[in-house]
**Q** 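One structure, pasted below without further comment.
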Amino acid sequence: MRVTIYEVGPRDGLQNEDVVVPVEVKREFIGRLAAAGLTTIEATSFVHPKWVPQLADAAELLDGLPRVPGVRYPVLVPNERGLDRALEHGVTEIAIFGSATETFARRNLNRSLDSQFEMFEPVVGRALEHGLRVRAYVSMCFADPWEGPVAPAQVVRVGRRLLDLGCYELSLGDTIGIGTPAHVTALLEAFQSEGVGPERLAVHFHDTYGQALANTLTALRMGVTTVDASTGGIGGCPYAKSATGNLATEDLVWMLDGLGIETGVDVRSLTATSLWLAGRLGRPSPSRVVQALAKEI
Ligand code: HMG
Ligand code: MG
């Protein structure tokens, strides 16, 4: 078995830091991630720069990124303006990001739940015409800070609509990191019963309640083979204050190494990168594996 790690540190991680990281530090971060063996690295977002100032340098970042054979740099794109900007800078893969709840759609996208699809439809259509690969996220898969628990059927309805636009994969986001393995099982079963199997799904767990690794193992046992993670466990969403860091890539790789599952990623090299980045961010990595390995590096 092989697991694909979809690295989100440069995007989900850095979008939520108080410090705005200089573009050359971002480039070095991404270069180090590729050197450690990561092949899918979500580099940045072409969102409104006022909404996420931490990633306002998206164009400049992409122009100077190291082009490594076999390494892909998807970016987040919410709307046609974002797509235009991404195309100008040679992007070949994008990700749209929908919400399973009304409140988060309004807060994160300034759109109602229904009108988010009107925003995404021309983005996906035009991206496919340009030969881009398009991923979709669905956020607030288990609960939302304003609306409380979210029913699996609601997530499946939204996820199905996003996939039907023409996306190759749907990443299930536990934006506020509140879910447990029971939630994961129920949601994956709900997708399966609507004809969406684990081969079309990825999982994206934030680790607020320390459940991310248990939730990931549950998803792997149910056949999911793409897992989102963030080096050093940095991350969160500025439009959902209760969101903390993503599942740390080091914690994921440590577990997968132990299970004998191939990833092609070197955990010690990632740890060295997280220790280096922590110096730039001015705070230690929350990853348990980084903390444990720090003594040997
Ligand atoms: P809006 O204000 O409704 O935009 O924002 P608009 O369409 O009304 O346009 C207003 C002005 O903004 C116009 O300029 C546009 O050109 C400009 P004007 O004509 O007034 O001069 N504009 C843009 N400029 C640059 N780039 C753009 C862009 N779009 C419009 N892309 C919008 C709507 C979606 C843009 C805004 O709400 C936004 O940027 N939201 C992004 C929020 C965000 O990035 N959140 C974090 C990522 S999601 C996440 O972290 C969750 C995830 O990790 C999964 C999980 O954990 O669950 C993915
Ligand atoms: Mg996220």
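Atoms within each ligand, like the ligands themselves, are counted from 1 in listed order.
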**Q** Asp63 and His89: side chain to side chain donor-acceptor pair (under 3.5 Å), yes or no, with the steps?
**A** CA-CA 6 Å; Asp63 288 346; His89 295 278; 2.8 Å; yes
**Q** Is any side-chain N of the basic residue among Arg157 and Glu194 closer than 4.0 Å to the acidic one's carboxylate O?
**A**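 Looking at Glu194 together with Arg157, the answer is no, because their closest N to O distance does not fall below 4.0 Å.
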**Q** If you round to the nearest 0.5 Å, how far is OG1 of Thr249 from CD1 of Ile5?
**A**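 Output value for this atom pair is 6.5 Å.
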**Q** Please work out whether any backbone atom (N, CA, C, O) or any side-chain heavy atom from C-beta onward of Thr175 is under 4.0 Å from ligand 1, and answer side chain, backbone, both or neither.
**A**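 Contact part for Thr175 vs ligand 1: both backbone and side chain.
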**Q** Listing by chain and number, what protein N/O/S atoms are under 2.8 Å from the Mg ion (ligand 2)?
**A**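 Listed by chain and number, the atoms are Asp12 OD2, His204 NE2, His206 NE2.
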**Q** Return the CD to OG1 distance between Glu199 and Thr225, rounded to the nearest 0.5 Å.
**A**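 So the gap between those two atoms works out to 8.5 Å.
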**Q** Could you point out which residue of Thr175, Asp174, Thr244 forms a side chain to side chain donor-acceptor pair (under 3.5 Å) with Thr208?
**A**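 That would be Thr244; it is the only one of Thr175, Asp174, Thr244 passing the side chain to side chain donor-acceptor pair (under 3.5 Å) with Thr208.
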**Q** Under 4.0 Å from atom 19 (O) of ligand 1, is there any protein heavy atom?
**A**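 So atom 19 (O) of ligand 1 lacks protein heavy-atom neighbours under 4.0 Å.
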**Q** List every atom of ligand 1 that sits less than 4.0 Å from any heavy atom of Arg111, numbering the atoms from 1 in the order shown and giving each element.
**A**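 Reading through ligand 1 atom by atom, the close ones are 3 (O), 7 (O).
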**Q** Glu93 and Tyr73: side-chain donor and acceptor closer than 3.5 Å?
**A**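 The answer is no; no qualifying pair exists.
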**Q** Quick check for you: to the nearest 0.5 Å, what is the distance between Met255 atom CE and Thr263 atom OG1?
**A**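 Here the interatomic distance stands at 11.0 Å.
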**Q** Under 4.0 Å from any heavy atom of Val52, which atoms of ligand 1 are there?
**A**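 Contacts of ligand 1 toward Val52, numbered from 1: 43 (C), 44 (O).
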**Q** Whether the Asp251 and Ser287 side chains hold a donor-acceptor pair (N or O, under 3.5 Å, no angle test) is what I'd like checked.
**A**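 There is such a pair between these side chains.
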**Q** Out of Leu162, Thr101, Val150, which one pairs with Val138 under the side-chain contact (heavy atoms from CB on, under 4.5 Å) rule?
**A**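 Checked Leu162, Thr101, Val150 against Val138; only one passes side-chain contact (heavy atoms from CB on, under 4.5 Å): Leu162.
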**Q** Looking at atom 36 (C) of ligand 1, would you say a protein heavy atom lies below 4.0 Å from it?
**A**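 Given the 4.0 Å cut-off, atom 36 (C) of ligand 1 counts as touching protein heavy atoms.
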**Q** Indicate yes or no: does an N/O atom of Phe46 lie under 3.5 Å from an N/O atom of ligand 1?
**A**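 Yes - when backbone and side-chain N and O of Phe46 are compared with those of ligand 1, one distance drops under 3.5 Å.
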**Q** More than 12 heavy atoms of other residues, nucleotides or ligands under 6.0 Å from CZ of Arg126: yes or no?
**A**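 Enclosed: over 12 neighbouring heavy atoms sit under 6.0 Å from CZ of Arg126.
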**Q** Who are the ring-ring contact (aromatic ring centres under 6.0 Å, His included) partners of Phe142, not counting sequence neighbours?
**A**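 Listed in chain order: His183.
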**Q** State the atoms of ligand 1, each with its element, that fall below the 4.0 Å cut-off from a heavy-atom position in Ser139.
**A**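 Matching atoms, with element in brackets: 51 (C), 54 (C), 55 (C), 57 (O).
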**Q** Do we see a donor-acceptor contact under 3.5 Å between the side chains of Thr231 and Glu7?
**A**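 Checked: Thr231/Glu7 side chains pair up, N/O donor to acceptor below 3.5 Å.
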**Q** Yes or no on side chain to side chain donor-acceptor pair (under 3.5 Å) for Glu250 and Ser274, after CA distance, side-chain angles and deciding distance?
**A** CA-CA 9 Å; Glu250 291 90 340; Ser274 290; 2.5 Å; yes
**Q** Let me check something: do Tyr239 and Val20 share a hydrophobic cluster, defined by ILVMFWY side-chain heavy atoms less than 4.5 Å apart, either directly or through other members?
**A**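 No, because Tyr239 and Val20 fall into different hydrophobic clusters, even though each may have its own neighbours under 4.5 Å.
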**Q** Is ligand 1 under 4.0 Å from a heavy atom in the side chain of Val47, in the backbone, in both, or in neither?
**A**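 Both backbone and side chain of Val47 come within 4.0 Å of ligand 1.
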**Q** Contact between ligand 1 and Arg11 is defined here as a heavy atom of the residue under 4.0 Å from a ligand atom; is it met?
**A**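 Contact check Arg11 vs ligand 1: positive.
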**Q** Between Arg106 and ligand 1, which part of the residue brings a heavy atom under 4.0 Å of the ligand: side chain, backbone, both or neither?
**A**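 Contact part for Arg106 vs ligand 1: neither.
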**Q** For the CD atom of Gln116 and the CG atom of Asn110, what is their distance to the nearest 0.5 Å?
**A**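 Spacing of CD (Gln116) from CG (Asn110) equals 12.5 Å.
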**Q** May I ask you to check whether Thr103 and Glu147 show a side-chain donor-acceptor distance below 3.5 Å?
**A**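 Per modelled atom types, Thr103 and Glu147 side chains form a pair under 3.5 Å.
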**Q** Which of the numbered atoms in ligand 1 are below 4.0 angstrom from a heavy atom of Arg85?
**A**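 Result: 25 (C), 26 (N), 27 (C).
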**Q** Using a 4.0 Å heavy-atom threshold (strictly under), name the region of Val77 that reaches ligand 1: side chain, backbone, both or neither.
**A**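 For Val77, no heavy atom sits under 4.0 Å from ligand 1.
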**Q** Quick check on contacts: which atoms of ligand 1 are under 4.0 angstrom from a heavy atom of Gly82?
**A**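 Numbered from 1, ligand 1 contributes 31 (N).
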**Q** Starting from atom 47 (C) of ligand 1, what is the nearest protein heavy atom, named by residue and atom, and what distance separates them?
**A**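 Scanning the protein heavy atoms, the shortest distance from atom 47 (C) of ligand 1 goes to Gln15 OE1, 3.5 Å.
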**Q** Output yes when the distance from some N or O of ligand 1 to some N or O of Tyr137 is under 3.5 Å, and no in every other case.
**A**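 In fact, backbone or side chain, Tyr137 has no N or O that close.
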**Q** For atom 44 (O) of ligand 1, decide whether some protein heavy-atom distance is shorter than 4.0 Å.
**A**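 Answer yes: something from the protein, a heavy atom, is under 4.0 Å.
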**Q** Okay, side chain of Asp207, backbone of Ala212: is any donor-acceptor separation there less than 3.5 Å?
**A**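 Answer holds: yes.
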**Q** Just to be sure I read this right, does ligand 1 sit under 4.0 Å from the backbone of Pro49, its side chain, both, or neither, counting only heavy atoms?
**A**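 Under 4.0 Å from ligand 1, Pro49 contributes side-chain atoms alone.
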**Q** Protein heavy atoms: any of them under 4.0 Å from atom 9 (O) of ligand 1?
**A**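 Answer no: nothing from the protein, no heavy atom, is under 4.0 Å.
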**Q** State whether any protein heavy atom lies less than 4.0 Å from atom 57 (O) of ligand 1.
**A**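 Given the 4.0 Å cut-off, atom 57 (O) of ligand 1 counts as touching protein heavy atoms.
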**Q** Measure from atom 24 (N) of ligand 1 to the protein's non-hydrogen atoms and state whether any distance is below 4.0 Å.
**A**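 Looking at atom 24 (N) of ligand 1, one finds that a protein heavy atom does lie closer than 4.0 Å.
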**Q** Within ligand 1, which atoms have a heavy atom of Asn110 less than 4.0 Å away?
**A**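 Ligand 1 atoms under the 4.0 Å threshold to Asn110: 1 (P), 2 (O), 3 (O).
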**Q** Give the atom numbers and elements of ligand 1 that come within less than 4.0 Å of a heavy atom of Leu109.
**A**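 By the 4.0 Å cutoff, the relevant atoms are 33 (C), 34 (C), 37 (O).
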